[in-house]
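Note sheet for the following structure.
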Protein chains: 2
Amino acid sequence: MTDIDNDSREVDSRLKSESLTEEIPDKIIRRLPHYYVQLKYMMKKDIEYVSSEQLAKIMGFSSSLIRRDLSHFGQFGKKSYGYDVHCLYENLQQILGFGYEKTMIIVGAGFLGRALANNKSYSERGYILKGIFDKDPAIIGLEFNDIKVMDIELAPDFISEHEVDVAALAVPAESAQETADMLVNAGIKGIWDFTETPVEVPGNIILIEQNMNDGLCKISCKLVQKRQSPS
Amino acid sequence: MTDIDNDSREVDSRLKSESLTEEIPDKIIRRLPHYYVQLKYMMKKDIEYVSSEQLAKIMGFSSSLIRRDLSHFGQFGKKSYGYDVHCLYENLQQILGFGYEKTMIIVGAGFLGRALANNKSYSERGYILKGIFDKDPAIIGLEFNDIKVMDIELAPDFISEHEVDVAALAVPAESAQETADMLVNAGIKGIWDFTETPVEVPGNIILIEQNMNDGLCKISCKLVQKRQSPS
DNA sequence: TAGATTGTTAATCGATTAACAATC
DNA sequence: TAGATTGTTAATCGATTAACAATC
């Protein structure tokens, strides 16, 4: 196993050294992948430079916001030219951590877990799916995306042995907390939580709540508002 | 079919009349379902009153924020007692629109679409799942949650006939925009978008982007920051 | 050079928190 | 009455936008 922390990847000198360690505001982090995707498109089209104004038009943010977001990490633009697409892409990749190998498992192999197993974008973002776990004997042993579902009892040892970074939590709400506790005790560093109940984890664990029903609630709320307003 | 707009449900007099039509800030909408869930727990435990301070402790918001959020819709509290759990629950249900019947379809019956088909929380939030669509002949005709997958060619007629409100979009990224266009043309009112590419819809269509990979990016970013900071 | 566009500072906007008078 | 807790106003905080000097 390579020690990826010592990976001697060349870091752009324009990248502020603090910017990889200093806490980045969540609001900015959320926009970064979108910049990243746009820049990838542009690279494919062999566009060399892009101005904040052009990006603004495409992405629906203000050019001011884009300049401010990017300046948070360093000075990547050339005055009167705009931003070097390739350079910015590489640096965003660095900031987003896609260049670092991260290991991942899926816990819960219902339809949602299976959907996650078939997600194509892990490798592109530096994730390696190492295992899938479930407690249902009828599901253990099945294969999804060439990975055999293992007994969840084996998860703790698997996590510490493989130094698993992230677990996608796709178990029923009832066992969400208990499973999260198990993951944390086994040394997981981040939990990508798809369960309906918000789980509690220690402060040093990265927790992303991906509760899908919040979206459903939001639509309902907006739909009803619309029905009742005369517009 | 009942005309649910004329449903003569009793609306609490404490509920500000504007609050159902006036635009609610997104930030508040996002917190409402969480209040709702907590209040449901409390009703089960036969708790009659709860103070903003108690709610704050449970939910991790400040009591100030909770009072402010709730006061946006009316005056539901009793000074020195706190909030009437049942009354607040009913009103939140009203505001969130769970009491109104909303029809829904799922477009795309891959693993993700199937996971959505088996979601248990639709009815609780007033949604009725009317159909599932796919274009793959090998999938058309299969049943998930007792609903047969139909040919996507039939979707436009189905949507207008059944006056479908919301479509969960779970097709591959390549056909996301084209499918969204079809849905909009057929008269859909809201799209719950699970695809990787952001889709464009007219301004009068409610669009909720449920891009799951954003979560993956966020974890990656935070994970790498943590690795590099000496903490 | 003239025009374009950055990076940054100041101004604005919006959301959260603190404080407190009103009152149950 | 004394204590508790709301609803709301003022203060603070943070994020976005506008503006512009610097400069390619």
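Excluded from the calculations below are hydrogen atoms, water molecules and symmetry mates; all remaining heavy atoms, backbone and side chain alike, are included.
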Checklist entry - Given dT5(C), dT6(D), dG7(C), which nucleotide is nearest the side-chain atoms of Ser51(A)? => result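 Side chain of Ser51(A) sits closest to dT5(C).
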Given [N], is OP1 or OP2 found less than 4.0 Å from the side-chain N or O atoms of [X]?
X	N	result
Arg31(A)	dA15(D)	no
Tyr83(A)	dG7(C)	yes
Gln54(B)	dT5(D)	no

Checklist entry - Taking the side chain from Ser220(A) and the backbone from Leu96(B), do they hold a donor-acceptor pair closer than 3.5 Å? => result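 Between the backbone of Leu96(B) and the side chain of Ser220(A) there is a qualifying donor-acceptor contact (under 3.5 Å).
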Item to check | Whether Asn118(B) side chain and Arg114(B) backbone form a donor-acceptor pair below 3.5 Å | outcome: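 Checking the backbone N and O of Arg114(B) against the side chain of Asn118(B), a donor-acceptor pair under 3.5 Å is found.
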Checklist entry - Along nucleotides 17-24 of chain D, 5' to 3', which nucleotides get a B, which get an S, and which get a -, given that the test is a protein heavy-atom distance under 4.0 Å? => result BBB--BBB
Item to check | Given DNA chain D, 5'-ward residue of the pair Asp26(A) and Glu53(B), judged by closest heavy atom | outcome: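 Final value for this comparison: Glu53(B).
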Next on the checklist: Looking only at side-chain N and O atoms, does Tyr89(B) offer a donor or acceptor that is under 3.5 Å from a partner on Tyr36(B)?
Outcome noted: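 Yes, a side-chain donor-acceptor pair sits under 3.5 Å.
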Item to check | Any Pro33(A) side-chain heavy atom under 4.5 Å of Asn213(B) side chain | outcome: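 They are not in side-chain contact.
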Checklist entry - Do Leu112(B) and Leu112(A) come within less than 4.5 Å of each other through their side chains, counting heavy atoms only? => result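 Touching, per the 4.5 Å side-chain cut-off.
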Using atom [atom1] of [X] as one end and atom [atom2] of [N] as the other, report the distance to the nearest whole Å.
X	N	atom1	atom2	answer
Gln75(B)	dT5(D)	CD	P	18 Å
Arg30(B)	dA15(C)	CZ	P	11 Å
Leu55(B)	dT5(D)	CG	C1'	13 Å
Asp69(B)	dG14(C)	CG	P	17 Å
Tyr49(B)	dG3(D)	OH	C1'	17 Å
Phe76(B)	dT8(D)	CZ	C1'	16 Å
His72(B)	dT6(D)	NE2	P	19 Å
Asp84(A)	dT5(C)	CG	P	15 Å

Item to check | From CA spacing to verdict: salt bridge (Lys or Arg N to Asp or Glu O under 4.0 Å), Asp26(B), Lys218(A) | outcome: CA-CA 9 Å; Asp26(B) 261 32; Lys218(A) 203 167 161 186; 3.1 Å; yes
Item to check | Identity of whatever pairs with dG7(D) - Watson-Crick or G-U, under 3.5 angstrom | outcome: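 Paired with dC20(C).
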Item to check | Carboxylate-amine/guanidinium proximity below 4.0 Å for Glu196(B) and Arg125(A) | outcome: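 Arg125(A) and Glu196(B): salt-bridged.
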Next on the checklist: Just to be sure I understand the rule, does Ser63(B) reach a base, reach only the sugar-phosphate, or reach nothing, if contact means heavy atoms closer than 4.0 Å?
Outcome noted: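 Nothing: the residue Ser63(B), judged by heavy atoms under 4.0 Å, touches no strand.
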